[in-house]
Amino acid sequence: MNNHSKNPLILKAKNLLFSVKEYWHEPAKGNYIPNKEIACLSGAGFGVHWLTLLASAIGLDASNFLVGASIGLKPFDLSIMLIVANLVGIPIGIFRSWYYDNHKLEGGKFLPFIRKMGLPIVLVTTVFVWLPYENMQYITKAVVVWFMYMLLNIFLCFFNESYIYFQQIITPDAQERANVMSISQVIYSLAPTITGFAVPTIAGLTWGLNNIWTYRIIYPIFTFIGLIISTIFFRKVKERLVLPKKKPEPVRMLDAIREVAKNKYFWIIQAAAWVVFLESGYGVVLGWSFVYGHGGEYQEMLGLANTVIGNASLWSMLLCPLAIKKMGKRNMLITANSINIVILLVLYFTYQNLIMICVLWYINTFINTFWNIVQHNISADMRDYHQWKTGVRVDGLFGPLGMIGTVIGFFTGMVYPAIYEKMGLLDDYNVLYDDNMRNNLFEVLILCSALGALLNLIPFCFYDLTENKHKAYVGVLKIRAMFENHSLGMLEDNELQDSMEIIVEAKALVGQNKTNVSKNLSKSAKKEIKERNLAIERAAIIVEDLNKFSTEAGKIRLSQAKLDFDKGAMYFYEDALGELKKAKALPKESKEEREIRSDAIKNARVKKRSSALIRKYGIENIKAPDEAVKEEIVNRDAKSFFESMKIKRELNAYAKAVSIYTSVIKPYTDAKNLIEQAENYTHYEELEQRYLQMVN
């Protein structure tokens with residue numbers, strides 16, 4: 001027998017190749033994505049990062065070589081420009097968030113934006129770098145840079161956010177999502193690796209990183225290549241959301257914000273994001289050490305250093321799915337931040353040594369890549385949890401409440417510019433050639449970053465959305481979609497089988513005790529027991545949702561819904577405030593009592609808002625929206641600016657009328673939806689029989 005066939009590495013390689021081929025067009029059982037689509041997703045990601053790396057590098061930041069050292073804008077002026085940009089960006093961001101959740105374009109929820117926004121990014125960045133800044137007065141330069149930055153970010157934010165959200169809905173399975181993102185990141189990490197080497201190398205051979213002419217050559221070429229690659233591969237991937245097949249109702253912004261505000265995991269993620277600015281201060285140490293340290297002698301070596309350091313990402317990308325499976329996302333984030341703190345403290349004592357900087361940057365890149373992969377998975381888990389909790393799928397509308405971070409950023413964004421100017425860095429970046437000045441600045445930045453890493457770690461100590469809980473929530477979403485699709489006559493056999501298998505397993509395990517894992521057992525036996533224990537945890541969540549209309553709280557909720565439904569859509573809840581007071585006075589000792597009280601408060605608040613709107617506008621003035629009116633306004637031709645403004649005003653008035661009407665009848669529509677859901681759940685036995693006939 002050939003000895004090569006016994007080699008375990010060769011056997012693993014053969015098995016891997018066989019697996020890639022076998023599941024190239026169809027995914028493995030339990031998965032959603034075939035290998036062909038993973039390959040296309042990886043290629044698309046490469047194009048995205050190639051396109052956006054340089055575009056995203058145009059920032060109103062003193063550490064930015066382009067707007068700082070090359071164009072010559074002062075750090076504090078840049079911070080003021082950034083604050084103004086963020087203020088203007090708030091309504092733009094709110095519109096973007098609302099648009100995602102209320103306009104599903106042909107081709108998906110996010111993919112159309114990715115496909116349409118690439119070309120404007122290429123054009124705007126090219127114009128940006130080719131404007132004649134050397135012939136402008138300082139104030140003119142500042143205004144032009146600010147305007148171009150705002151224009152670029154209108155397209156760039158749509159593009160980047162769409163890509164981030166898209167990655168979160170490529171599969172509803174958290175572990176598969178981690179695996180796919182890990183594989184695709186291995187491929188698209190080549191983009192920053194190549195550009196990280198190429199840009200400093202080209203700069204070293206031409207005009208340098210602090211000269212605008214370098215960017216005038218690099219930007220058009222690099223961004224156009226990224227556009228071509230991303231356009232080709234994004235035609236071969238698709239989105240996957242666990243949703244019923246009926247057309248989703250519009251998500252009203254204020255309603256979404258009220259619900260998002262109750263999502264504790266959203267606030268944990270936001271709290272960590274608010275302090276991440278402080279952790280980023282050390283980021284200039286590597287680049288400035290090569291460009292300004294040792295009289296700039298090693299500037300051309302920065303490309304090589306970036307390439308070697310970028311290699312660290314490869315290993316963490318490969319290891320990340322395994323690490324998530326073994327440690328869980330929460331523990332990974334806490335561990336990564338703890339290691340980062342240690343790295344920064346070591347950097348404080350060794351930053352004058354270029355080799356030590358590179359070694360520490362390598363380790364830091366390895367750790368931070370785990371962070372980058374995990375944070376996207378955590379955001380996706382949080383959205384799935386929100387859909388399970390509220391029954392409404394929200395993606396973009398997490399953004400408006402997240403704007404609190406933008407407001408906080410108005411103040412935090414001035415911290416480092418103030419430090420730069422206090423330490424002597426104004427518009428002349430040549431002062432960084434002074435070793436004493438540069439070293440003093442580095443020490444302050446590194447200590448601030450270490451403090452930021454510590455503050456960033458604290459919120460995740462309160463994060464308890466485990467991978468197993470998330471899996472149970474997704475199982476519930478599938479079951480709900482099964483019932484609703486059945487009521488619509490659109491339930492497919494594969495959906496039925498998938499959901500019923502979840503139910504059958506849950507019913508078999510619910511109420512059973514977990515088994516202790518003995519040290520004497522074999523590895524496979526330990527794994528089997530652990531999997532069973534996790535399945536018992538999921539079973540409780542799944543069966544609780546199946547039985548939710550047979551509990552005391554469920555019966556009360558359904559009984560109240562029937563009363564509200566019988567009152568009709570335009571009923572005036574005159575005593576809604578009194579109803580809210582009674583709801584708040586309900587007992588809350590047991591879990592069931594707290595659930596009954598929470599339902600009553602939520603229902604009373606909806607009625608309170610409905611009655612307030614009726615009092616304000618008068619019941620006779622609140623009418624059901626007529627789609628024909630909207631179509632007439634939209635299709636009307638505007639022959640002048642004033643006519644276009646009139647159309648806009650009429651559309652705004654129509655949108656306001658729709659919002660008022662839907663809020664007034666919300667007690668009725670909520671009751672109607674609950675009654676329909678309860679009715680759908682009564683068809684379980686019918687669906688079970690269909691499933692048994694299908695599998696037997």
Please report the shortest heavy-atom distance between [X] and [Y], naming the atom on each side.
| X | Y | answer |
| --- | --- | --- |
| S449 | G281 | OG-N, 3.3 Å |
| G424 | V431 | O-CG2, 3.8 Å |
| M423 | M437 | O-CE, 3.3 Å |
| L465 | Y473 | CD1-CE1, 3.6 Å |
| A305 | C358 | CB-SG, 4.2 Å |

**OP:** Run the salt-bridge test on K264 and D464 with the 4.0 Å N-O cut-off and return the result as yes or no.
**Re:** yes
Original post:
Does the distance from a Lys or Arg side-chain N to an Asp or Glu carboxylate O, for K329 and D381, drop under 4.0 Å?
Top reply: yes
Measure the spacing between [atom1] of [X] and [atom2] of [Y] and express it to the nearest 0.5 Å.
| X | Y | atom1 | atom2 | result |
| --- | --- | --- | --- | --- |
| L451 | N456 | CG | CG | 11.0 Å |
| I339 | L457 | CD1 | CG | 11.0 Å |
| C448 | Y416 | SG | OH | 4.5 Å |
| N306 | F290 | CG | CZ | 8.0 Å |
| L51 | M117 | CG | CE | 12.5 Å |
| Y463 | I334 | OH | CD1 | 11.5 Å |

Under a 4.5 Å cut-off applied to non-hydrogen side-chain atoms, are [X] and [Y] in contact?
| X | Y | result |
| --- | --- | --- |
| E443 | L447 | no |
| L333 | I378 | yes |
| T350 | L360 | yes |
| F224 | T125 | no |
| M332 | I324 | yes |
| F113 | F155 | no |
| I121 | T223 | no |
| L432 | L441 | yes |

**OP:** Apply side-chain hydrogen bond (donor to acceptor under 3.5 Å, both in side chains) to the pair Q352 and D435, showing each step before the final yes or no.
**Re:** CA-CA 9 Å; Q352 295 187 50; D435 291 344; over 6 Å; no
Subject >> Atom CE of M148: over 12 foreign heavy atoms under 6.0 Å >> reply: yes
Original post:
Side chains of D77 and Y138: do they bring a donor and an acceptor to under 3.5 Å?
Top reply: yes
Original post:
When the ring planes of F128 and Y133 are compared, do they come out parallel, tilted or perpendicular, using 30° and 60° as the limits?
Top reply: tilted
**OP:** Take F159 and V48 through the side-chain contact (heavy atoms from CB on, under 4.5 Å) test and state the conclusion after the steps.
**Re:** CA-CA 9 Å; F159 191 90; V48 166; 3.7 Å; yes
Does any N or O in the side chain of [X] come within less than 3.5 Å of the main-chain N or O of [Y], such that one atom is a donor and the other an acceptor?
| X | Y | value |
| --- | --- | --- |
| N331 | M327 | yes |
| T231 | L227 | yes |
| N153 | L156 | no |
| R330 | C461 | yes |

Original post:
Per the ring pair (Phe, Tyr, Trp, His ring centres under 6.0 Å) rule, which among F462, Y385, F460 passes with Y265?
Top reply: Y385
**OP:** Kindly indicate, with the supporting measurements, whether the criterion side-chain contact (heavy atoms from CB on, under 4.5 Å) is fulfilled by L131 and V145.
**Re:** CA-CA 9 Å; L131 287 169; V145 166; over 6 Å; no
**OP:** Might you work through the side-chain contact (heavy atoms from CB on, under 4.5 Å) test for L319 and F366, ending with a clear yes or no?
**Re:** CA-CA 10 Å; L319 292 171; F366 176 80; 4.1 Å; yes
**OP:** Report the C-alpha distance between F166 and L41 in whole Å, list the side-chain angles of each, state the deciding distance to 0.1 Å, and finish with yes or no for side-chain contact (heavy atoms from CB on, under 4.5 Å).
**Re:** CA-CA 11 Å; F166 166 71; L41 182 67; 3.3 Å; yes
**OP:** Could you list the residues that satisfy side chain to side chain contact (heavy atoms under 4.5 Å, CB included) with E134, not counting sequence neighbours?
**Re:** P132, I212, W213, R216
**OP:** Examine W361 together with Y282 and report whether their ring centres are nearer than 6.0 Å.
**Re:** yes
Original post:
Can you list the residues that meet the ring pair (Phe, Tyr, Trp, His ring centres under 6.0 Å) rule with F222, with sequence neighbours excluded?
Top reply: W50
